[in-house]
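Residue numbers begin at 1 in each chain, while the letters A, B, ... track the order of the sequences. Owing to the predicted nature of the structure, the values given are computational and were not obtained by experimental measurement. Values below: all heavy atoms of this structure, side chains included; hydrogens, waters and symmetry mates excluded.
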Amino acid sequence: MQRFSKEFYCRDVLDVAPEMLGQRLVRRYSNGLVEKYIVTEVEAYRGCEDLACHASKGKTARTEIMYSEGGRAYVYLIYGMHWMLNVVTGDKNHPQAVLIRAVKGCYGPGRLTRRLRIDKSFYGEDFTTSQRIWFEPTGRTPAIKAGPRIGVDYAGEYWASIPWRFWADID
DNA sequence: TCAGTGATTAGG
DNA sequence: CTAATCACTGAG
């Protein structure tokens, strides 16, 4: 099965995020074991004007990767214990990312990274060339639902209520 | 409901 | 250096 190429990721995050639902996340461990998961829930974070997006506070060592071309991983630690896995999208200097919140059988962004053993070493990982994590098209086009993003009340009512969380009910 | 946990960030 | 913040989770 072919993985998604650069072109898939180098588009607006609001186009990419919903299209990732129903697609396959593949993780290959150092011992050769390969696990495959279907993406079921994501969130879009879009540019410096989006007050819920980390890039709204400007370019820092942590957010730098979001300013690169789409197709790389933005990984960071939250609340001192949970790694968050994001997919950078869009053109260079258009900081955007898709937070992977859930896959079939594993719900919650922190649980997901714990199960897949994703940590800081995945920061900047290139999904188009990586041998340990990537995404593949499945051909599925599930019905998509949308609602407010989780845990971003600090961004103010407008950005906290905008429906940029997307999910699909996949058995 | 609420504490745990530590990297990251701005500020002195 | 200090202190605040935080795209979450699990226990009760």
Side-chain angles (χ1 to χ4, degrees), chain A residues 8-23 25 27 35 37-91 93-127 130 133-135 144-170:
Chain A
F8 175 79
Y9 301 104
C10 292
R11 296 177 295 143
D12 192 276
V13 68
L14 294 177
D15 293 322
V16 178
E19 287 183 27
M20 293 190 72
L21 298 172
Q23 311 313 309
L25 167 57
R27 173 80 170 95
E35 290 180 341
Y37 299 89
I38 297 298
V39 178
T40 58
E41 185 182 9
V42 299
E43 280 176 359
Y45 289 86
R46 187 172 185 269
C48 44
E49 68 275 9
D50 174 5
L51 296 184
C53 179
H54 292 162
S56 65
K57 297 190 181 67
K59 194 179 196 174
T60 65
R62 180 178 66 152
T63 63
E64 187 179 20
I65 196 68
M66 273 202 283
Y67 290 76
S68 63
E69 265 191 332
R72 312 278 298 276
Y74 169 41
V75 176
Y76 66 93
L77 186 69
I78 192 67
Y79 297 116
M81 31 184 132
H82 309 294
W83 294 101
M84 299 288 103
L85 173 64
N86 294 256
V87 179
V88 175
T89 65
D91 295 325
N93 291 320
H94 288 254
Q96 309 182 328
V98 178
L99 171 65
I100 308 298
R101 290 193 60 88
V103 294
K104 185 177 166 184
C106 183
Y107 307 96
R111 292 173 178 165
L112 175 72
T113 55
R114 192 177 62 182
R115 174 181 296 197
L116 301 196
R117 291 185 236 159
I118 289 164
D119 59 18
K120 181 75 180 183
S121 76
F122 284 76
Y123 183 93
E125 191 86 357
D126 189 335
F127 291 114
S130 175
I133 190 167
W134 64 90
F135 292 91
I144 294 168
K145 301 183 180 181
R149 293 172 293 183
I150 303 295
V152 295
D153 287 350
Y154 64 85
E157 194 184 341
Y158 178 77
W159 294 105
S161 61
I162 196 164
W164 286 356
R165 179 166 62 100
F166 306 98
W167 69 95
D169 295 320
I170 297 173

Value in whole Å for how far the [atom2] atom of [N] lies from [atom1] of [X]:
{"X": "A:Asp119", "N": "B:dT8", "atom1": "CG", "atom2": "P", "answer": "12 Å"}
{"X": "A:Tyr45", "N": "C:dC6", "atom1": "OH", "atom2": "P", "answer": "12 Å"}
{"X": "A:Lys57", "N": "B:dA7", "atom1": "NZ", "atom2": "P", "answer": "19 Å"}
{"X": "A:Tyr74", "N": "B:dT8", "atom1": "OH", "atom2": "P", "answer": "10 Å"}
{"X": "A:Glu64", "N": "B:dT8", "atom1": "CD", "atom2": "P", "answer": "13 Å"}
{"X": "A:Lys59", "N": "B:dT9", "atom1": "NZ", "atom2": "C1'", "answer": "17 Å"}
{"X": "A:Ile78", "N": "C:dT5", "atom1": "CD1", "atom2": "P", "answer": "13 Å"}
{"X": "A:Trp83", "N": "B:dT8", "atom1": "CH2", "atom2": "C1'", "answer": "11 Å"}

- Query: Which is true for A:Leu77 with a 4.0 Å heavy-atom rule: it touches a base, it touches only sugar-phosphate, or it touches nothing?
  - Reply: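 Counting heavy atoms under 4.0 Å across all strands, the contact made by A:Leu77 is with sugar-phosphate only.
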
- Query: If you look at every strand shown and take non-hydrogen atoms under 4.0 Å, does A:Gly110 touch a base, only sugar-phosphate, or nothing?
  - Reply: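 Result for A:Gly110 = sugar-phosphate.
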
- For A:Tyr79 and B:dG6, are the ring centres under 5.5 Å apart with planes inclined under 30°?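 No, A:Tyr79 does not stack on the base of B:dG6.
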
As a test of reading the structure: which of [options] is closest to the side chain of [X], going by heavy atoms?
{"X": "A:Ala61", "options": "C:dA7, B:dT9, B:dG4", "result": "B:dT9"}
{"X": "A:Arg62", "options": "B:dT9, C:dC8, C:dA7", "result": "B:dT9"}
{"X": "A:Ile150", "options": "B:dT9, C:dC8, C:dT9", "result": "C:dC8"}

- Please determine if a side-chain N or O atom of A:Arg165 lies less than 4.0 Å away from the OP1 or OP2 oxygen of C:dA7.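 No, outside the criterion.
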
- Query: OP1, OP2 of C:dT9 versus side-chain N and O of A:Arg114: anything below 4.0 Å?
  - Reply: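 No, because none of the side-chain N or O atoms of A:Arg114 sits under 4.0 Å from OP1 or OP2 of C:dT9.
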
- Item | Full working for side-chain hydrogen bond (donor to acceptor under 3.5 Å, both in side chains) between A:His94 and A:Tyr67 | CA-CA 6 Å; A:His94 288 254; A:Tyr67 290 76; over 6 Å; no

Using 4.0 Å as the upper bound for N to carboxylate O, is an ion pair formed by [Y] and [X]?
{"X": "A:Asp12", "Y": "A:Arg46", "result": "yes"}
{"X": "A:Arg72", "Y": "A:Glu125", "result": "no"}
{"X": "A:Arg101", "Y": "A:Glu43", "result": "yes"}
{"X": "A:Lys104", "Y": "A:Asp169", "result": "no"}

- Item | Base partner of C:dA7, which must satisfy Watson-Crick or wobble distances under 3.5 Å |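 Across any shown strand, C:dA7 pairs with none.
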
- Please determine, for B:dT5, whether a Watson-Crick or G-U wobble partner exists with both distances under 3.5 Å, and give it or none.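 When the pairing criteria are applied, nothing turns out to pair with B:dT5, so the answer is none.
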
- Message: Taking the nucleotide of DNA chain B with the nearest heavy atom to each, does A:Lys120 or A:Met81 sit closer to the 5' end?
- Response: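 Checking each residue's closest nucleotide, the 5'-ward one belongs to A:Met81.
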
- State whether the distance check finds a donor on one side and an acceptor on the other, under 3.5 Å, for side chain A:Tyr76 versus base C:dA7.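 Answer is yes: a donor-acceptor pair is held.
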
- Message: Check this for me: does the side-chain of A:His54 come within 3.5 Å of the base of C:dA7 through a donor and an acceptor?
- Response: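 Per atom types, the contact qualifies.
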
- Does the pair A:Val42 and A:Leu21 meet the rule for a side chain to side chain contact (heavy atoms under 4.5 Å, CB included), with working shown? CA-CA 7 Å; A:Val42 299; A:Leu21 298 172; 4.2 Å; yes

